[in-house]
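Fair warning: this is a prediction, and the values are worked out from it, not measured in the lab. Each chain gets a letter, A, B and so on, in the order the sequences are listed, and its residues count up from 1.
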Amino acid sequence: MEPTAGRPPLEVGGPVSTSRPQRVTRAGQRRRPSGEAPPLPRTLNRSGRIWLIAGGAVLLLWAGVVSNQRTAVWVLEADHAVVEWIAGLRSSVLTEVMQTVHALGSRWTIRALFWATVIALVLLRRFRHLFVFLGTTLAVTAFTGFLAYAFAWPRPLGVEIIGDWSGYANPSRPVAALTAILMGMLYSMAPAGRLRRVGKPVIAGLVTALSLSLMYLAVNAPSDVIIAAVVGVTIPLVAFRMITPNEVFPVTYHRGSSAHLDVGGRRGQAIHRALEDQLGLQVAAIQPFGLSGSAGSTPLRVTVKGDPETWLFAKLYAGSHLRSDRWYKLGRTLLYGRLEDEKPFNTVRRLVQQEDYALRLMYGAGVRSPEPFGIVEITPEREYLVVTEFFTDAREIGDLEQVDDGIIDDGLRIIRRLWDAGLAHRDIKPANLLVRDGRVHLIDVFFAEVRPSPWRQAVDLANMMLVLATRSSCEQVYRRARLQFNDDEIAEAFAATSGITMPSQLRKAMRDQGRDLHAEFLRLLPEWAPPVAIQRWSVRRVGLTIGVVLLALLALLTALSSFESAGLL
Amino acid sequence: MRRLLLALAVCLAAGGCVRPASTELAQAREPACRYEGRQGMALIVLMAQAVPTAGQLPCVELLPAGWSVSDVFVRNGRVRFSLDSDRVGTRAVQVVLERYCTFGRVTRVPSDHPGTRRYQEVISIEPGRRYQGAIYYLFPGGCVTYRLDFRSDEQARPLGEVSLALGFVTRDTLRQSLNDFTQGRVPLDPPQEPGR
């Protein structure tokens with residue numbers, strides 16, 4: 001194949017020029033001095049710190065108390081006095097009530113709550129919260145089991161025990177397990193705010209009720225339930241606040257992509273401050289924008305103060321996006337073999353650097369893409385914003401009724417320019433093509449690749465032709481394409497693209513129209529090129545598949561054995 | 001900090017940290033009749049609480065070489081622990097303390113422990129390969145069963161070792177021991193109600 005033989009001049013369809021961005025008013029920037037906290041520091045808040053310190057201190061103190069004969073006897077005596085007094089209140093009715101309340105800490109109640117939460121979190125696709133919930137529940141049951149073994153504390157002495165029990169008494173494992181599971185449910189299911197605030201006293205009430213019943217039945221003494229409650233609260237509280245902070249992983253029930261972060265509250269304020277300090281922008285407002293077209297970041301529109309006010313576009317990236325990118329690439333490698341650029345990023349910083357670099361490359365190559373304004377740090381190594389020009393009054397190509405020859409030529413010219421610059425966009429779809437004043441603008445260059453394979457470049461061409469054909473006809477697009485690409489190049493493009501290589505939004509647009517545009521284009525071609533297979537088999541892919549299956553099995557077996565030893569199965 | 005927490009969670013989940021690293025700690029949690037000169041360990045107190053009527057509590061006097069304690073389980077109404085042997089197999093002896101025992105076809109034999117009645121039962125013998133049987137000790141308020149399962153051609157020697165290894169602590173001794181430990185401030189059992 002001759003790659004560019006018979007290529008028409010670039011001027012076809014009008015002159016190439018990048019749009020002039022609006023003038024954005026910028027004031028002075030401010031450098032964050034050493035030692036000053038970043039805009040959104042990642043810390044436990046006050047109650048989390050207090051619980052962590054209190055939990056550690058109580059456990060250390062308790063270990064000291066039980067290891068010393070004198071203090072241990074003192075605690076035994078105090079426990080005995082309290083339990084004996086409570087046992088003195090026993091009556092047949094009260095005993096029946098307490099036996100019922102005791103069921104709160106039964107193995108079956110714990111199992112029911114645990115598995116109901118696991119199922120709910122799976123159905124809600126809240127996997128990060130699920131793993132923290134599993135981890136903290138297992139950690140609490142294992143840790144209390146270890147402490148009970150280490151402390152070797154008897155059940156209340158000198159009082160008739162009238163409830164069911166097993167093993168050493170301190171810390172009380174039913175209290176710790178119930179507290180941990182309820183805390184896990186609260187932090188993974190209840191949205192922050194009123195519901196969570198109401199949930200805390202409810203948990204306190206339930207745990208207190210169980211503790212009172214255990215003391216009434218003389219199954220546990222006060223010290224047993226206090227230590228258990230401290231462990232049961234501290235581990236989940238600290239874990240959820242550290243691993244799923246609400247600013248980053250909010251618990252919400254509105255519909256939408258889990259990739260979209262909440263930009264209100266503390267994060268909103270941090271973004272304001274960071275944009276002002278790092279880019280010198282006077283921010284008037286920050287709003288989510290075009291969420292439906294983005295699944296890998298949180299797109300935002302930033303209103304900048306000035307006369308008149310201007311807009312900038314920003315994409316917020318966080319650790320969750322980095323992990324999604326990793327899973328996405330692993331999945332693709334397992335399903336199709338190593339396509340191209342399937343190496344995951346190591347850090348969020350790397351990820352935003354790639355996007356900023358791609359933006360600058362595209363802009364420098366004369367592709368009509370947004371002017372980059374730079375990277376803004378929100379939380380070091382965790383959250384960053386990529387800021388670019390905002391295309392005012394632009395419309396998504398998919399929102400247009402029809403596209404004319406000028407727009408078709410302009411869209412195809414973008415592909416030609418990418419080819420000439422040795423670039424591939426890799427995500428040509430209606431949401432990434434904006435039209436303003438009859439000109440096509442290419443956005444979302446995150447997947448862009450330098451010196452891609454000819455296959456990848458061919459896929460870009462085919463996808464551009466398919467997008468344009470959704471708002472015109474295949475004949476019209478094909479006719480215009482032949483002005484910039486020869487038949488071999490177009491044939492190669494349609495040999496390269498199929499199913500998975502088309503972005504899902506493009507596939508959906510074609511499905512909605514009930515048209516098989518790929519087949520229509522193939523019919524127009526004078527000669528078909530043999531289809532390019534996307535399955536790539538290699539020793540690496542086979543090894544990776546076996547490794548992933550073995551790891552998944554190992555994780556499953558470990559989890560099952562841990563659940564069993566924790567009494568959750 | 002986050003990595004530390006995750007590592008801790010993984011470690012705990014894998015069960016690696018549940019088992020104590022210290023052998024001393026493990027020994028202190030075995031059902032030993034005597035530990036550091038004192039009769040009645042924490043576990044024996046827990047056993048006494050599990051079967052509050054039991055006048056005698058099973059314990060390990062001295063483990064012969066090759067034997068170890070495993071599978072200790074105490075809950076209200078039942079106590080169980082096992083002895084593993086490197087010669088006659090794991091769980092070669094399972095010791096169970098309950099309020100009552102269910103006998104099979106037993107034979108009464110003279111007891112080697114004062115204050116108890118001893119019964120024996122042979123369940124099955126596979127000559128040269130396996131011996132299964134049971135020994136029952138009856139005493140006021142309780143019953144202890146030794147379930148024997150020797151996977152070996154030897155029978156007499158392990159049986160002798162078991163008889164030497166296992167013993168009893170009386171409830172009165174334990175009561176006295178706890179009394180000494182707490183200087184009489186915390187009793188083992190609730191006060192006896194008149195008429196009971």
Side-chain angles (χ1 to χ4, degrees), chain A residues 42-44 52 66 69-70 72-81 84 87 131-132 134-143 145-146 149-169 218-219 235 238-239 242-243 555 558-559 561-566, chain B residues 1-22 25-26 28-30 35 38 40-52 72-80 174-175 178-193 196:
Chain A
R42 184 81 177 271
T43 54
L44 283 169
L52 189 60
V66 295
Q69 182 179 339
R70 209 171 178 183
V73 170
W74 184 84
V75 174
L76 278 174
E77 197 181 351
D79 277 350
H80 170 66
E84 193 177 42
F131 286 121
V132 178
L134 293 176
T136 55
T137 308
L138 290 175
V140 167
T141 50
F143 190 50
F146 168 73
Y149 183 79
F151 295 159
W153 204 248
R155 297 281 155 181
L157 293 159
V159 182
E160 188 189 356
I161 302 172
I162 55 173
D164 288 339
W165 57 270
S166 78
Y168 290 113
V219 168
I235 292 178
V238 172
M242 291 294 290
I243 306 171
T558 307
S561 121
S562 302
F563 293 151
E564 199 172 5
S565 57
Chain B
M1 180 65 182
R2 191 180 140 196
R3 287 192 180 160
L4 191 72
L5 281 170
L6 279 174
L8 182 70
V10 169
C11 179
L12 289 172
C17 298
V18 181
R19 287 170 187 82
S22 156
L25 186 70
R29 269 79 190 151
E30 283 181 0
Y35 183 74
R38 204 171 64 231
M41 289 296 305
L43 185 58
I44 306 293
V45 173
L46 203 66
M47 286 179 176
Q49 292 182 303
V51 186
V72 179
F73 175 76
V74 184
R75 69 161 164 82
N76 57 315
R78 186 179 164 88
V79 173
R80 184 190 70 216
L174 184 67
R175 211 175 273 135
L178 187 68
N179 196 49
D180 294 345
F181 182 77
T182 65
Q183 290 154 350
R185 285 185 277 181
V186 187
L188 174 66
D189 295 310
Q192 285 289 317
E193 285 174 29
R196 272 185 80 173

> How close do B/A42 and A/A152 get, heavy atom to heavy atom, and via which atoms?
Replying inline: CB-O, 3.4 Å

> Between B/Q183, B/Q49, B/R78, B/R185, which has the largest tally of heavy atom pairs under 4.5 Å with chain A?
Replying inline: B/Q49

>> With rounding to the nearest 0.5 angstrom, report the CD1 to CG distance, A/I162 to B/N76.
In response: 11.5 Å

>> A side-chain contact here means heavy atoms from C-beta on lying under 4.5 Å apart; do A/L157 and B/L188 qualify?
In response: yes

>> Heavy-atom cut-off 4.5 Å, strictly under: side chain, backbone, both or neither for B/A48 against chain A?
In response: neither

> Which heavy atom of B/P191 sits nearest a heavy atom of A/G158, and at what distance?
Replying inline: CD-O, 3.8 Å

>> Nearest 0.5 Å, please: how far is OG1 in B/T182 from CZ in A/R70?
In response: 14.5 Å

>> Does any part of the side chain of A/Y168, heavy atoms only, come nearer than 4.5 Å to the side chain of B/V74, both counted from C-beta?
In response: no

> Between A/W153 and B/L46, what is the shortest heavy-atom contact and its length?
Replying inline: O-CD1, 4.4 Å

> Contact part of A/F151 toward chain B, heavy-atom cut-off under 4.5 Å: side chain, backbone, both or neither?
Replying inline: backbone

> Is any side-chain heavy atom of B/P187 less than 4.5 Å from a side-chain heavy atom of A/H80?
Replying inline: yes

